[in-house]
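FYI, the numbering just counts along the sequence from 1.
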Amino acid sequence: MRKFFLSFIALSMALVSCKEEIDTSARYVFVDHTVASYLESQPCYSEYLEMTKVVPMSPRSKSTVYQLLTARGNYTCFAPTNDAIKTYFGQLVEEGLITEPTWEGFPSEHKADSIRQVIVKNSIIDGGDLESQRYTLAMLPTEQNSELPLPNINDHKLTITWPNNMPDSLYINGECAIDGKNRDIPLINGVIHQVHKVIAPKDINCTIYIQEILDKREEGLLVFFKCLQACDLIKELSLIRDEVYEMKYQNGEIEDFEDYMSKGFSDKSGNSNSDAISPEHRKYGFTLFAEKDDFWRSQGIDPLASDVPEKVTQWIIDNQKYLTEETFLTDDNFSSENHILYQWATYHILPMRIPANKLVYHCNEVGYSITTPTRYSIPVFEWYPTMGKRRLLKLFESKESEGVYLNRFPNLDNGIYGTGHELSCDVDKVGCLVMREDELANVTDIENACIYPIDAPLAYDNATRDNLGKERIRFDGMALFPEAITNGIRRADSQEDKYQHVYIPANKVYQYFDNMSILSDETNFIYFNGYRINWANYTQDEMKAIGRFDIMFTLPPVPKRGTYELRYKTLATGARGIVQIYFGNDPDRLHAAGIPIDMTKGIVDSFGESATWADLDDSGRDEDGIIDVDHKLRNHGLMKAARHEVHESNVSLTARDDSRQTRHILVRETLDPNETYYVRFKSVLDSEKKELYMDYMEWCPKEIYDNPMTPEDVW
């Protein structure tokens, strides 16, 4: 009798208009509903429900989205009301796409089907087998314009906005409000949030987006876009996906790597599946940073003027926003790669699509916890080569910076017994704030790009080059690959196997990463994401290869001509192999970089001389004692790992305090910023079951590692 009574109450509540407030204390009454049956019980979703019944899951499938929503799973549904759909039809009338705001107004059934797919497929996220991937409000990212970790079933990632002046309000893609009452409705196979506007990102490429703004003469970032147009760069921003890879994947030529544990890989993640999954797509992407038109007006340049490129060129010259020792063209041949405007413009573009919450990676740096994701601590950095001439652009965020900056060079408390925090920043080294929350930022409608306004002019001038040249540049292995960032592979916020263990096919199948060549058919390469796993790596992730591995990477450029060290960090386990490393600027004729490295040895065994960890550890030593030990290690081509990151499960243990971790000094040479350098890792063993391990590498200039006044910092 009690069961019948509760079911009656559940049905009664479900039949109430979904515009009324749902009593959160009684949400358990919906546990008898699937997403599909709940939609059926609510009259205000009748239009949306009928669409789910006719929209197929894919062109090759007869199954409908409705059938998906009846099945077991973890679905997040942002369900539009009938009124929201009616309003959307009104927008389509205004745009001239249909003649009246009804289904009769569509010019063809094909057009009607495409609109049904837009409405339905953009509203649903399939969370796979993990209940943690049902996105209740408590699980949504809290940074403005952050992307949800998983894409919707239209393969588009939605963004979340929490207006600062309306803490209870929440928007999808910046404009689709989630209802303040009908949200977080728990169901057998997911959760529903009601929305009052259809989620329908334009999904246009960057070329079309910029051209539309130019055609409308729409102010905001018009000056920058006019410069891109003059340099003939807009057409380069049209690429969306690699259709050759797409076809190979659909035809089954891109295979997964099954049961990798049996093939020799070690894995402490507790993965029960032991399959590494190949990427479904190989998308292209771009990130653009642009000065606002307000800035250019302050410089006397009218965004609506016909001679904007000429005036910006003259502004670059007058303000010396270039490298003075280089020779440039300054005529009206803006599309030449040697033109001063072309090089200025390309320094504003990264060849990867970086969402707002991935501009830098907060993970396991000292003082940070993933459980409080917006409480930042010590600085985190990225250095990426830009489009055009390969020059480094630095991305930086710390607790003190209060935002992500480009080319910020602060004063840090990075002494041996310092805190690692930012102390201050000189006025001329503050850099450019990335205005992720600005109304001109576009992180939703452009399929292959993100565009961010910046609050100060950006240029690769003498000061920028010199400041970059005075830094130790640490680059995570996955930072080498624009494809990893664009395709959501690097540091994916998901514990699903297909995101935790990503198999990158060998070159004989298809070269997925442009900056990585797998030179041996016997090499198998997997990216281990490490999301919410307490691994002792920089940002916790790592790259591995087994077999008779032979892999070559293209390295980022050095900032200026000078003597540098190239370093390679290892973490010793018995699963590792022995690797010979090669280096140079001719990929076909690289020279050996030192003797082979036995990756099973930690820093004590690598140092030798009958040492123990107590002989090398920082514990109990004053600054002079620590410097002396570091000097002895360097004489052997070794360094301890950095103090920057910790074990999340033991925040008092930094990587520098871990005897398994070592930085190996591979190269000490004079290098040129105009050269491209390569590093090759080749197994010296016959074993097919020994690993190559890759976490990060470093460029370090001589004035850092051999500074007689200030020893290199431990961070």
Side-chain angles (χ1 to χ4, degrees), residues 35-36 39-40 43-69 75 77-126 151-159 172-177 194-216 218 237-241 243 246-247 250 280-281 283 442 444-449:
V35 174
L39 292 172
E40 287 177 325
C44 65
Y45 296 128
S46 59
E47 286 277 355
Y48 177 66
L49 176 67
E50 291 308 307
M51 292 186 213
T52 67
K53 293 180 178 179
V54 297
V55 171
M57 281 300 299
S58 74
R60 297 177 177 83
S61 173
K62 293 182 180 179
S63 299
T64 65
V65 173
Y66 175 82
Q67 290 172 301
L68 178 78
L69 300 179
Y75 307 108
C77 180
F78 299 100
T81 63
N82 293 341
D83 287 343
I85 293 171
K86 183 178 179 180
T87 300
Y88 180 56
F89 281 8
Q91 289 179 272
L92 297 180
V93 172
E94 292 178 6
E95 294 171 10
L97 298 177
I98 60 177
T99 57
E100 60 179 90
T102 66
W103 290 113
E104 286 70 32
F106 283 82
S108 67
E109 188 59 26
H110 173 74
K111 184 65 177 179
D113 284 343
S114 67
I115 292 300
R116 290 187 186 101
Q117 293 201 41
V118 167
I119 295 172
V120 172
K121 288 194 169 184
N122 281 307
S123 67
I124 298 166
I125 296 173
D126 183 351
N152 57 30
I153 59 175
N154 199 38
D155 197 33
H156 187 108
K157 287 192 176 182
L158 306 177
T159 60
I172 303 296
N173 287 2
E175 60 181 10
C176 302
Q194 184 184 102
V195 293
H196 295 292
K197 187 171 184 178
V198 167
I199 299 172
K202 292 181 180 179
D203 279 349
I204 56 178
N205 67 44
C206 193
T207 297
I208 294 173
Y209 174 79
I210 293 175
Q211 192 60 55
E212 286 183 354
I213 289 184
L214 289 169
D215 292 344
K216 295 175 183 176
E218 186 177 310
L237 306 176
S238 64
L239 292 175
I240 293 177
R241 73 181 72 219
E243 297 300 341
E246 197 81 9
M247 183 176 295
Q250 295 297 333
E280 184 176 353
H281 306 289
K283 299 178 182 179
N442 193 316
T444 58
D445 285 332
I446 308 175
E447 187 174 2
N448 65 339

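- No side-chain heavy atom of Thr64 sits under 4.5 Å from any side-chain heavy atom of Pro56.
- Closest of all the heavy-atom pairs between Pro43 and Asn82 is O-ND2, 3.2 Å.
- Distance check, rounded to the nearest 0.5 Å: OG1 of Thr444 to CD1 of Ile199 gives 11.0 Å.
- Minimum interatomic distance between Asp445 and Lys202 (heavy atoms only, all atoms of both residues): OD1-N, 3.3 Å.
- The closest side-chain heavy-atom distance from Leu39 to Tyr66 is not below 4.5 Å.
- Ser63 and Ser61 get closest at one heavy-atom pair: N-OG, 3.0 Å.
- Looking at Asn122 and Asn152, their side chains do bring a donor and an acceptor atom within 3.5 Å of each other.
- For the residue pair Asp215 / Gln211, a side-chain donor-acceptor distance below 3.5 Å is found, with atom types taken as modelled.
- How far CD1 of Ile213 is from CD1 of Ile208: 13.0 Å, rounded to the nearest 0.5 Å.
- Expressed to the nearest 0.5 Å, how far CD1 of Ile115 lies from NE2 of His110 amounts to 10.0 Å.
- For the residue pair Ile98 and Phe89, the shortest heavy atom distance occurs at CD1-O, 3.6 Å.
- Between Pro151 and Lys157 the shortest side-chain heavy-atom distance falls below 4.5 Å.
- Here the OG1-CD distance, from Thr99 to Glu104, works out to 9.0 Å after rounding to the nearest 0.5 Å.
- With Tyr45 as the partner, the side-chain hydrogen bond (donor to acceptor under 3.5 Å, both in side chains) test is satisfied by one option alone out of Gln194, Glu40, Glu50: Gln194.
- Between Ile124 and Cys77, the closest heavy-atom pair is CG1-SG, 4.3 Å.
- Rounded to the nearest 0.5 Å, atoms CD1 (Ile85) and OG (Ser46) are 8.0 Å apart.
- The shortest side-chain heavy-atom distance between Asp155 and Lys283 falls under the 4.5 Å cut-off.
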Discussion item. Using the rule given for ring pair (Phe, Tyr, Trp, His ring centres under 6.0 Å), can you reason through Tyr48 versus Phe78, listing the C-alpha separation, both sets of side-chain angles and the distance that settles it, and then say yes or no?
Written reply: CA-CA 11 Å; Tyr48 177 66; Phe78 299 100; over 10 Å; no
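- When side chains are defined from C-beta on, Arg241 counts as touching Glu447, because their heavy atoms get closer than 4.5 Å.
- Scanning all heavy atoms of the two residues, the minimum distance from Ile119 to Val198 falls at CG1-CG1, 3.8 Å.
- Counting non-hydrogen atoms of other residues, nucleotides and ligands closer than 6.0 Å to NZ of Lys86 gives a total of 12 or fewer.
- In this structure, the side chains of Met57 and Val65 come closer than 4.5 Å at one or more pairs of heavy atoms.
- The backbone N or O of His196 lies less than 3.5 Å from no partner atom in the side chain of Asp83, so there is not a single donor-acceptor pair.
- By the ring pair (Phe, Tyr, Trp, His ring centres under 6.0 Å) test, Tyr75 is found to be paired with no residue, residues two or more places apart in sequence or in another chain being considered.
- Between atom CG of residue Asn154 and atom OG of residue Ser123 there is a gap of 9.5 Å, rounded to the nearest 0.5 Å.
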